[in-house]
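Down below is the structure, laid out as structure tokens.
Hydrogens, waters and symmetry mates are skipped; everything else that's a heavy atom, side chains included, is used.
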Amino acid sequence: MSSVLARLIATIEHGLPVVYCAVVETRGSAPQKAGASMLVFPDGSQAGTLGGGCVEAEVKRIALAAKPGATIQSFLLNDDYGWDDGLICGGRMTVLVHPVHDDVAYYRTLQSWANDGAGFTEAVVVSEDSGLPLGDRYLFDANGIPVTALAAMPVWETVIANLPRLSHRATPETKRGIAFLPTIPRVTLLLVGAGHVSEAVARLAAECGFSIWVMDDREHFASRERFPAADRLIVGSIGDGLQSLVPQLTPQAYALVMTRGHNHDEEALFHLADSHCRYVGMIGSRRKIRLIFDDLAAKGIRPEALARVHAPLGLDIGSQSIPEIAVSIVAELIACRNLGTTSVSPRQRETVG
């Protein structure tokens, strides 16, 4: 979303014409989900995608001929839209087509929120069932507070009455002719230890939308060169650092313990096992994990806190190399973020480390 919005804002600021197109509702199987966006320029070029194929081509045709004012276009994904490439999805897509001229303030707000990761919900009128003009748009912050609208005469009461609560598992939905498109708050992923596995996990997790924090007691490891996508680099004693950091960690944070040694792992898990983090994981063999858990239990860490720790870490995909291990770990993080669970319980996996 951010790259499309950046291009859109730059185009508006240069006074050039452009049409913003976005998938606002899908039913059944579709090549893109609600939230996908595309810009169409007068010369027929584009930025972003709605999934390719005939639907995207038809949206571009409509966009190039569009008159001022937002419109809503619906497409039934049958053989009319799939015959040329053999793809028949059997679903339905609803697309917003909006020729943009001087609406830069609205899109700047969208871009700012997409970048800061706090989460927000955009509401788009897609049906006359709402009693509101088609294509009107409303923005709400993470707490459901109305902020701005792209509508000639905003009717906040009607939209607010149907606004779903934004949660870490919120998904797009349509209620009474209004499509609600949630962008969930970005999950903070704290990596305790800045070794090779951590470096690979950070790279992949950042591409999957996590905000990366890295902690290590070695400055040359927790560096910008090794972790260019990190939002925060923390250098210092693991124990002292976590003692001050843990109170800042909310249920929107995940933490992975991947230090260079048994003692550092145990020290990190001592602070993190009973923290507010929604997900806590530790890499290592079953023997190492058992020894650390026994030591922590002797130090008074509650059994329930240890039971929730994901260790061994990652989904069992037969990982061997560092990139494979990173894939297995990030896959588990995504499953927890998107589904609220992983495929197996934390203490029943085979090791991948």
Discussion item. Give me the atom names and distance for the closest heavy-atom approach of Leu8 to Leu39.
Written reply: N-CD1, 3.6 Å
Worksheet item: Which value, rounded to the nearest 0.5 Å, describes the distance between Leu272 atom CG and Met282 atom CE?
Response: 11.0 Å
Worksheet item: For Ala114, does its backbone N or O pair with a side-chain atom of Arg186 as donor and acceptor, under 3.5 Å?
Response: yes
Worksheet item: So, Glu266 and Lys299, do they make that salt bridge, N to O below 4.0 Å?
Response: yes
Worksheet item: Distance-only, no hydrogens or angles: does the Ser112 side chain make a donor-acceptor pair with backbone N or O of Arg108 under 3.5 Å?
Response: no
Fill in: Salt bridge flag under 4.0 Å for residues Asp265 and Lys288
yes
Worksheet item: Passes side-chain hydrogen bond (donor to acceptor under 3.5 Å, both in side chains), Glu58 versus Gln73? Steps please.
Response: CA-CA 10 Å; Glu58 179 66 8; Gln73 307 292 330; over 6 Å; no
Practice prompt. Taking atom types as modelled, find out whether Tyr106 and Gln111 have a side-chain donor-acceptor pair closer than 3.5 angstrom.
Written response: no
Fill in: Carboxylate-amine/guanidinium proximity below 4.0 Å for Arg27 and Glu25
yes
Practice prompt. Kindly confirm or rule out a cation-pi arrangement of Arg290 over Phe293, judged by NZ or CZ under 6.0 Å from the six-membered ring centre and within 45° of its axis?
Written response: no
Worksheet item: Hey, quick one: are Leu5 and Phe41 part of the same hydrophobic cluster, counting side-chain heavy atoms closer than 4.5 Å, chains of contacts allowed?
Response: yes
Worksheet item: What is the ring orientation for Tyr107 with His98, classed by angle as parallel under 30°, tilted 30 to 60°, or perpendicular over 60°?
Response: parallel
Discussion item. Less than 3.5 Å apart, any donor N or O on the side chain of Ser237 or Asp217 sitting next to an acceptor on the other?
Written reply: no
Discussion item. Hydrophobic cluster membership, with links at side-chain heavy-atom distances under 4.5 Å among I/L/V/M/F/W/Y: are Val246 and Leu190 in one?
Written reply: yes
Worksheet entry | Pair Thr188-Gln252, side-chain donor/acceptor within less than 3.5 Å | no
Worksheet item: Counting N and O atoms only, with roles assigned by atom type, does the side chain of Arg137 sit under 3.5 Å from a partner on the main chain of Ala149, one being a donor and the other an acceptor?
Response: no
Worksheet, complete the sentence: Ala273 and Ile301 have their tightest heavy-atom pair at CB-CG2, 4.1 Å
Item to complete: Check for a donor-acceptor pair, side chain of His14 on one end and backbone N or O of Ala10 on the other, with a separation under 3.5 Å.
Response: yes
Fill in: Distance (rounded to the nearest 0.5 Å) between Leu249 CG and Cys277 SG
4.5 Å
Fill in: Side-chain donor-acceptor contact under 3.5 Å, Ser130 with Glu128
no
Worksheet item: Does Glu324 use its side chain to pair, donor to acceptor, with the backbone of Gln320 at less than 3.5 Å?
Response: yes
Worksheet item: Same cluster or not: are Val201 and Ile212 linked, directly or through other Ile, Leu, Val, Met, Phe, Trp or Tyr residues, by side-chain heavy atoms under 4.5 angstrom apart?
Response: yes
Item to complete: Is it possible for you to check whether Arg308 lies under 6.0 Å from the centre of the six-membered ring of Tyr279, through NZ or CZ, and within 45° of that ring's axis?
Response: no
Discussion item. One thing to verify: whether Glu332 and Arg337 come together as a salt bridge, which I'm taking to mean a side-chain N less than 4.0 angstrom from a carboxylate O.
Written reply: no
Worksheet entry | Minimum heavy-atom distance Ala268-Leu242, with the two atoms named | CA-CD1, 3.5 Å
